[in-house]
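Reviewing the structure listed below.
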Amino acid sequence: AGMKRLPARSRRSQRGASTASELARRSQWEHALTVLTRKPKRDGAKASSAAISAAGGSSHWHAAVLLWRGLGGCGNAALAALGRGLQWAQALRLLAEEPRSFGAAGYGAALQAAAEASAWRAAVAALSAGEEEAKANSLCCSAAIAACGRSYMWQVALALLQSPSATSDACTVAVLRAMQVALQWEQAVALLAAMPKAEARAVVVETCARSEAWEAALALMQDPDRPAALRACARAAQWQAALALAPGDATTVAALCSAQQWQRALANANAAPRDLLRALGAGHFWREALRVPRASTWDVSSAAWACSVAGRGDKAEELLSAHLQSQRAGKKRKELQLLDFLESAPRDLASILGAIEEFAKKNRWLKVAAGQKAEILEVTVQEGDRVLEIGTYVGYTSLRLAQQGCKVVTLEADPLNAAVAQRVVDLAGARDRVDVRVGRAADWLSSGRLSDIDVLILDHRGTVYHEDLAKAEPLLSSKARVVADNVLHPGAPLFLVDVQDRYHVEVHVLEEFGMDLEDWLLVCRPKTWPVAKGAAVASQQFAAMRRWAAEVNRLCHESQAGPVDWQDLQARMKPPP
């Protein structure tokens with residue numbers, strides 16, 4: 001009631017813009033176009049901008065471009081819509097076709113779209129070929145730097161920081177974030193000296209945390225950075241430093257568990273269920289572990305481990321069986337489809353192995369170490385070898401090794417995979433030769449419940465092979481062999497650095513069974529016994545491979561939601577011919 005009454009033409013213009021915007025929101029783009037073309041030319045810009053923005057805000061980038069082409073003007077709004085739709089190629093194409101139709105804001109929107117899609121080459125090329133207004137704009141430069149950062153190209157990002165337009169703090173922070181993504185903490189600390197501000201410091205401390213550079217994180221830390229510094233201590237298993245920082249924090253409990261300081265972990269009231277269960281298991285308090293509420297899959301895994309390590313394998317099997325049944329009730333995971341297929345196969349070891357291979361050929365998503373990989377394993381092991389396998393999955397490799405006369409203990413963190421593998425082993429009649437155990441490899445390796453190891457099989461998450469190898473090395477026998485699968489697909493870059501000077505390494509280049517993907521299988525024999533201790537991941541010798549490990553982790557995460565381009569990663573990660 002208190003608003004000033006607008007002139008009639010202004011009210012009509014506002015109604016036109018409002019009508020077009022509403023039609024845009026409803027996906028009625030032709031009607032929106034009709035409404036806008038009826039407006040007076042001087043009012044059309046306002047109305048068309050509203051409609052294009054509405055289309056972009058509704059993620060209908062194609063309609064925003066259609067409206068822009070029909071009406072002219074409002075180019076920045078169209079590019080912003082493309083940016084929100086991650087249509088970076090379309091946005092950069094518009095820039096190349098009509099560079100004078102867009103201002104620096106339009107370039108910034110297109111470059112931001114390229115950044116979101118990790119299209120760093122396109123972003124850098126667009127910046128260098130852009131209008132002078134865009135080249136001189138620090139926001140455009142920071143968007144191009146961000147595109148490099150998302151693609152792990154921190155060196156290119158650092159080079160862009162030398163351009164005349166990289167004058168804002170945002171550009172420096174973007175470079176620091178690029179170093180964070182690639183886990184280049186040494187470079188980030190060096191760059192921080194040029195910009196000792198709170199925002200930059202927070203990024204660098206987090207970079208140190210992700211790189212396990214806990215000493216650097218503590219040295220740089222101020223009060224707002226305490227959580228990141230605490231995570232650095234936890235990742236590096238520096239429990240004393242974590243206790244000194246925050247005695248009652250749940251992250252400190254995780255650090256205590258990583259360092260196997262179970263009694264101290266139990267004394268902390270803020271332990272997450274998973275960490276509490278691990279601590280109870282280490283103390284053989286299996287009854288108490290069963291009383292802890294289990295809210296997640298990993299709580300089930302930790303509870304089953306607590307029972308198993310305390311000698312109550314029967315209780316662990318009950319937990320796994322119940323978990324298996326609960327998973328059958330919902331949408332079936334692919335491992336359960338395999339189990340259904342195997343139920344109709346003959347109940348002997350050779351038939352079960354053949355049925356798994358048959359299923360894997362028909363369903364290329366089931367990844368087993370058959371074919372060439374199985375042949376290499378068979379010539380690597382000897383009858384009577386004591387094998388520890390980390391990463392059971394569905395039990396295929398364990399059965400192949402049992403067929404060769406090996407005694408196999410196999411560890412699986414995922415409780416559903418462990419339950420499926422146990423059933424597969426039972427169907428094959430191999431329970432006397434294959435011992436399936438659920439829980440984290442690090443917990444089992446520190447439990448005192450594992451015997452000496454003649455053959456160590458690493459077939460789980462490649463980016464942590466080096467961590468579990470370090471914990472397993474005290475158990476390796478004098479004739480030990482370490483077999484690492486999936487070193488190229490998905491990848492184990494840090495492991496390559498870890499073993500190159502301490503082991504004699506054979507690299508077998510082969511194809512994944514049933515897939516058109518190359519992989520590497522490594523057979524490693526220690527140069528000395530006991531095995532020489534490896535360097536810390538935060539050390540300089542790991543710097544280049546930390547960047548690749550970060551990318552492997554990201555692609556593994558993205559592959560859970562949809563297909564990813566593993567072949568592109570392999571092409572970039574492999575050494576030149």
Side-chain angles (χ1 to χ4, degrees), residues 152 357 360 364-381 387-393 396-398 400-401 410 441 455-470 472-473 476 480-527 531 534-535 537 541-559 563-577:
Y152 304 90
E357 292 174 10
R364 294 163 65 91
W365 41 255
L366 187 77
K367 193 169 180 292
V368 295
Q372 293 176 303
K373 290 185 176 181
E375 293 170 5
I376 294 169
L377 273 175
E378 287 172 0
V379 299
T380 300
V381 301
V387 178
L388 176 68
E389 179 189 32
I390 303 178
T392 312
Y393 194 36
Y396 176 85
T397 300
S398 298
R400 289 297 294 250
L401 294 170
T410 180
V455 180
L456 175 65
I457 310 287
L458 300 172
D459 193 9
H460 51 310
R461 185 156 65 96
T463 50
V464 299
Y465 279 3
H466 61 289
E467 296 178 11
D468 289 330
L469 175 62
E473 281 173 341
L476 295 182
R481 287 134 284 160
V482 177
V483 180
D485 192 9
N486 305 324
V487 176
L488 181 62
H489 173 234
L494 297 175
F495 175 79
L496 287 170
V497 177
D498 188 39
V499 298
Q500 66 179 354
D501 295 327
R502 304 186 300 126
Y503 288 77
H504 299 289
V505 180
E506 301 170 12
V507 180
H508 298 271
V509 181
L510 34 74
E511 279 195 355
E512 287 281 16
F513 179 73
M515 300 181 184
D516 298 324
L517 277 173
E518 182 181 315
D519 195 12
W520 298 345
L521 182 77
L522 268 60
V523 179
C524 311
R525 293 175 171 84
K527 291 183 177 180
V531 184
V537 171
Q541 71 184 77
F542 283 92
M545 287 302 184
R546 286 200 300 267
R547 167 250 186 276
W548 290 110
E551 188 166 3
V552 169
N553 278 334
R554 178 178 64 83
L555 285 178
C556 286
H557 178 73
E558 290 177 357
S559 69
V564 298
D565 193 347
W566 289 114
Q567 290 172 323
D568 173 68
L569 174 67
Q570 289 184 355
R572 291 184 288 110
M573 202 162 78
K574 287 193 297 185

So, do E518 and E512 sit near enough that their side-chain heavy atoms are less than 4.5 Å apart?
no
Heavy-atom distance under 4.5 Å between the side chains of T397 and D485, does that happen here?
no
Identify the heavy atoms of P490 and C556 that sit nearest to each other, and give their distance.
CB-SG, 3.7 Å
Is it true that, when you exclude Q541 itself, more than 12 heavy atoms of the residues, nucleotides or ligands shown sit nearer than 6.0 Å to its CD?
yes
Distance in Å, Q570 CD paired with D565 CG, rounded so as to fall on 0.5 Å steps:
9.5 Å
Between H460 and D468, do the side chains contain an N or O donor and an N or O acceptor separated by less than 3.5 Å?
yes
To the closest 0.5 Å, what do you measure between CD1 (I376) and CD (E506)?
9.0 Å
Can you label the angle between the F495 ring and the Y465 ring as parallel, tilted or perpendicular, going by 30° and 60°?
perpendicular
From CA spacing to verdict: side chain to side chain contact (heavy atoms under 4.5 Å, CB included), L458, N486
CA-CA 9 Å; L458 300 172; N486 305 324; over 6 Å; no
Flag, side chain of E558 to backbone of P563, donor-acceptor distance under 3.5 Å
no
Euclidean distance, L401 CG relative to I457 CD1, rounded to 0.5 Å:
5.5 Å
Qualifying residue, where the test is side chain to side chain contact (heavy atoms under 4.5 Å, CB included) with L366 and the options are Y396, Y393, F513
Y393
Between the main-chain N or O of T380 and the side-chain N or O of R481, is there a donor-acceptor pair closer than 3.5 Å?
yes
Under a 4.0 Å threshold between the charged nitrogen and the carboxylate oxygen, would E473 count as salt-bridged to R502?
yes
Spatial distance of atom OG1 (T410) from atom CD (E389) [nearest 0.5 Å]:
3.5 Å
Nearest heavy-atom approach of R572 to W548 is O-CH2, 3.4 Å
Are the side chain of R546 and the backbone N or O of V537 linked by a donor-acceptor pair below 3.5 Å?
yes
Shortest non-hydrogen contact between F542 and L494, atoms and distance
CE2-O, 3.3 Å
Is any side-chain heavy atom of R461 closer than 4.5 Å to one of N553?
yes
Would you say that L521 contacts V487 through its side chain, given a criterion of any heavy-atom pair below 4.5 Å between the two side chains?
no
Is any side-chain heavy atom of L476 closer than 4.5 Å to a side-chain heavy atom of V482?
yes
Parallel, tilted or perpendicular: which one describes the rings of W566 and H489, with boundaries at 30° and 60°?
perpendicular
CG of D498 to OH of Y503, rounded to nearest 0.5 Å, is 7.5 Å
Can you name the nearest heavy-atom pair linking T463 to H466, along with the distance?
O-CE1, 3.0 Å
Using the rule given for side chain to side chain contact (heavy atoms under 4.5 Å, CB included), can you reason through L456 versus I390, listing the C-alpha separation, both sets of side-chain angles and the distance that settles it, and then say yes or no?
CA-CA 8 Å; L456 175 65; I390 303 178; 4.1 Å; yes
Side chains of E511 and L517: closer than 4.5 Å at any heavy-atom pair?
no
Can we say D519 and K373 salt-bridge, meaning some charged N sits less than 4.0 Å from an Asp/Glu carboxylate O?
yes
Do H508 and L522 come within less than 4.5 Å of each other through their side chains, counting heavy atoms only?
no
Check whether any side-chain heavy atom of L377 sits under 4.5 Å from a side-chain heavy atom of R400, and report yes or no.
no
In Å, rounded to the nearest 0.5 Å, how long is the span from CD of E375 to CD of Q372?
6.5 Å
Quick check: closest heavy atoms across V499 and C524, and the distance to 0.1 Å?
CG2-SG, 4.4 Å
N/O donor-acceptor pair under 3.5 Å between E551 side chain and L569 backbone
no
